Amino acid sequence: MTRAAVQLKPDGPIEFTEVDVRPPGPGEVRVRMAAAGLCHTDVQALYGGVASMTMPPPAVAGHEGAGVVTEVGPGVVGPTVGDHVILSALGHDGTCEFCTDGHPSLCLRSLQLADPRTGNGPALSVDGTPVTPFGPLGTFTEETIVPAECAIAIDKAMPLDLACLIGCAVSTGVGAVRNRVAVRPGDHVAVLGCGGVGLNIVQAARRAGAGSVIAVDVREEKLAAATAFGATHVIDARHVRVPDAVRAVTGPFGAHFTFESTGLTDCMAQAVSAARPGGTAVLLGMAPGSSALALDNIADIILQEKVITGSLMGSGYSARDFPVLVREYLEGTLKLDELITRRRPLAEINEAIADLKSGTGLRTVFTF
């Protein structure tokens with residue numbers, strides 16, 4: 001038995017309750033969780049908004065976590081008992097056509113792992129009823145079973161309450177800059193939405209040598225945080241037309257790269273508009289599944305050769321990227337401490353979700 005934050009009824013509150021944990025099966029490891037971050041996507045998965053991520057109850061969300069391996073199943077090659085690990089929502093086989101074609105975040109193995117009907121089945125159950133996890137993880141539990149390839153061993157000097165952020169917010173933001181596009185020294189970059197993901201876009205773009213990094217948000221605390229993370233300019237989107245404000249900084253053509261991390265289609269359209277001719281708009285925020293993106297002038301996309309692209313979890317390879325980000329933090333070149341607004345026990349998950357919905361703070365981390 002262990003304890004987990006479980007949604008027992010559709011649209012109902014989360015209950016911190018006892019659940020059963022099965023032993024690790026072939027290719028799996030047992031992880032004692034040390035910390036887990038709360039992301040907007042977790043709330044969307046629990047309460048609707050992204051059809052492909054809907055989790056029928058009983059369900060345990062969470063895809064940002066770190067902990068210690070306590071047991072390994074048959075045939076595991078990689079993580080060993082005692083390893084400190086960051087959990088990855090994506091698995092990689094390294095051999096499918098997407099991995100070999102340079103798109104590891106689209107690995108076919110990830111799709112298989114995300115389906116609870118495949119593999120060894122759900123790790124948790126309540127009174128004999130299987131619990132739906134978030135993809136292959138479900139980190140809002142004191143102990144869990146995950147595929148071995150989703151447990152990335154890291155330097156034990158890394159604090160686990162900070163390491164958990166690398167599993168999503170950090171790798172998604174930094175990876176979008178490093179893996180999905182190539183920001184060059186002197187480029188103009190605009191970041192729409194300065195939560196956990198957006199702030200990591202800001203710091204990655206600044207480290208890449210961007211000439212200007214323009215942070216856009218509607219909350220003063222997030223704009224202040226963006227400045228601390230390296231933004232050269234801030235725009236309060238409540239008071240201006242964002243594309244015009246971006247061009248007031250960059251000159252008449254706009255930004256070389258715009259990044260949108262709010263999941264709001266209006267912001268996505270603004271990101272496209274604020275990109276210069278030949279520029280790229282990178283969309284990271286998860287919009288509701290029925291959303292449609294309305295653009296002011298489709299002809300501009302053609303005549304100005306703009307690129308609109310998505311980026312999933314930083315478009316990277318977890319086994320490669322996570323240890324690099326850990327090293328950068330330990331060397332003092334990557335900000336993580338400043339991302340955490342509050343640490344809470346997992347039993348306070350409903351209060352944390354209420355804060356998230358209200359837009360309060362940056363990142364809440366549950367510590368175990």
Side-chain angles (χ1 to χ4, degrees), residues 34-37 39 64-66 83-88 90 104-105 152-191 193-217 221-234 255-259 261 282 284 311 313-341 343 361-365:
C39 176
E64 205 176 61
D83 278 353
H84 289 199
V85 295
I86 299 172
L87 301 187
S88 171
L90 302 178
S105 54
I152 312 301
I154 60 169
D155 190 328
K156 291 182 179 179
M158 181 70 190
L160 290 174
D161 61 336
L162 299 173
C164 75
L165 301 174
I166 290 175
C168 177
V170 180
S171 59
T172 297
V174 173
V177 173
R178 294 180 178 176
N179 302 324
R180 193 70 191 101
V181 298
V183 174
R184 301 159 299 184
D187 282 347
H188 297 299
V189 172
V191 182
C194 295
V197 172
L199 291 176
N200 282 288
I201 297 170
V202 167
Q203 69 170 326
R206 194 63 173 150
R207 289 186 62 195
S212 65
V213 181
I214 307 160
V216 183
D217 208 288
E221 64 175 323
K222 292 185 177 180
L223 293 175
T227 299
F229 273 72
T232 60
H233 302 77
V234 297
H256 295 83
F257 297 99
T258 61
F259 296 85
S261 64
V282 184
L284 296 92
S311 179
M313 302 292 289
S315 305
Y317 179 46
S318 304
R320 175 199 65 198
D321 296 345
F322 287 7
V324 169
L325 293 167
V326 166
R327 184 176 70 246
E328 290 177 351
Y329 172 78
L330 294 175
E331 292 174 347
T333 59
L334 181 72
K335 291 180 180 290
L336 293 182
D337 300 76
E338 298 85 350
L339 288 170
I340 301 178
T341 303
R343 292 171 174 82
L362 300 174
R363 210 59 160 195
T364 292
V365 168

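In what follows, every heavy atom counts, from backbone to side chain, and hydrogens, waters and symmetry copies are set aside. Note that the structure is predicted; figures quoted are calculated from it, not measured.
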Quiz item: Among V324, V170, V326, whose side chain to side chain contact (heavy atoms under 4.5 Å, CB included) with L334 holds?
Solution: V170

In Å, rounded to the nearest 0.5 Å, how long is the span from [atom1] of [X] to [atom2] of [Y]?
X    : Y    : atom1 : atom2 : answer
I154 : H84  : CD1   : NE2   : 8.0 Å
L162 : L339 : CG    : CG    : 8.5 Å
R363 : L165 : CZ    : CG    : 7.0 Å
S88  : D321 : OG    : CG    : 9.5 Å
R184 : F257 : CZ    : CZ    : 5.5 Å
M158 : F322 : CE    : CZ    : 11.5 Å

Just by modelled atom types, is the [Y] backbone N or O under 3.5 Å from a matching donor or acceptor in the [X] side chain?
X    : Y    : result
D83  : A153 : no
E338 : A225 : no
Q203 : K335 : yes
S261 : L284 : no
D155 : A157 : yes
T172 : C168 : yes
S315 : A176 : no
S171 : I166 : yes

Quiz item: Pick one: which of H188, H256, H233, R206 meets side-chain hydrogen bond (donor to acceptor under 3.5 Å, both in side chains) with S212?
Solution: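 Only one option passes, and that is H188.
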
[X] versus [Y], closest heavy-atom pair with distance:
X    : Y    : result
V213 : A205 : CG2-CB, 4.1 Å
V174 : A204 : CA-CB, 3.8 Å
D217 : L223 : N-CD2, 3.6 Å
A215 : A231 : CB-CB, 3.9 Å
V183 : A210 : CG1-CB, 4.2 Å
P323 : I152 : CD-CG2, 4.1 Å

Self-check item: Check against side-chain contact (heavy atoms from CB on, under 4.5 Å), I86 and L325
Solution: CA-CA 11 Å; I86 299 172; L325 293 167; over 6 Å; no

Practice problem: Would you sort out whether F259 and V202 count as a side-chain contact (heavy atoms from CB on, under 4.5 Å), showing the intermediate values? | Solution: CA-CA 10 Å; F259 296 85; V202 167; over 6 Å; no

Exercise. Report the C-alpha distance between V177 and N200 in whole Å, list the side-chain angles of each, state the deciding distance to 0.1 Å, and finish with yes or no for side-chain contact (heavy atoms from CB on, under 4.5 Å).
Key: CA-CA 9 Å; V177 173; N200 282 288; over 6 Å; no

Practice problem: Quick one: list whatever passes side chain to side chain donor-acceptor pair (under 3.5 Å) with R327, sequence neighbours left out. | Solution: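 Applying side chain to side chain donor-acceptor pair (under 3.5 Å) to R327 gives none.
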
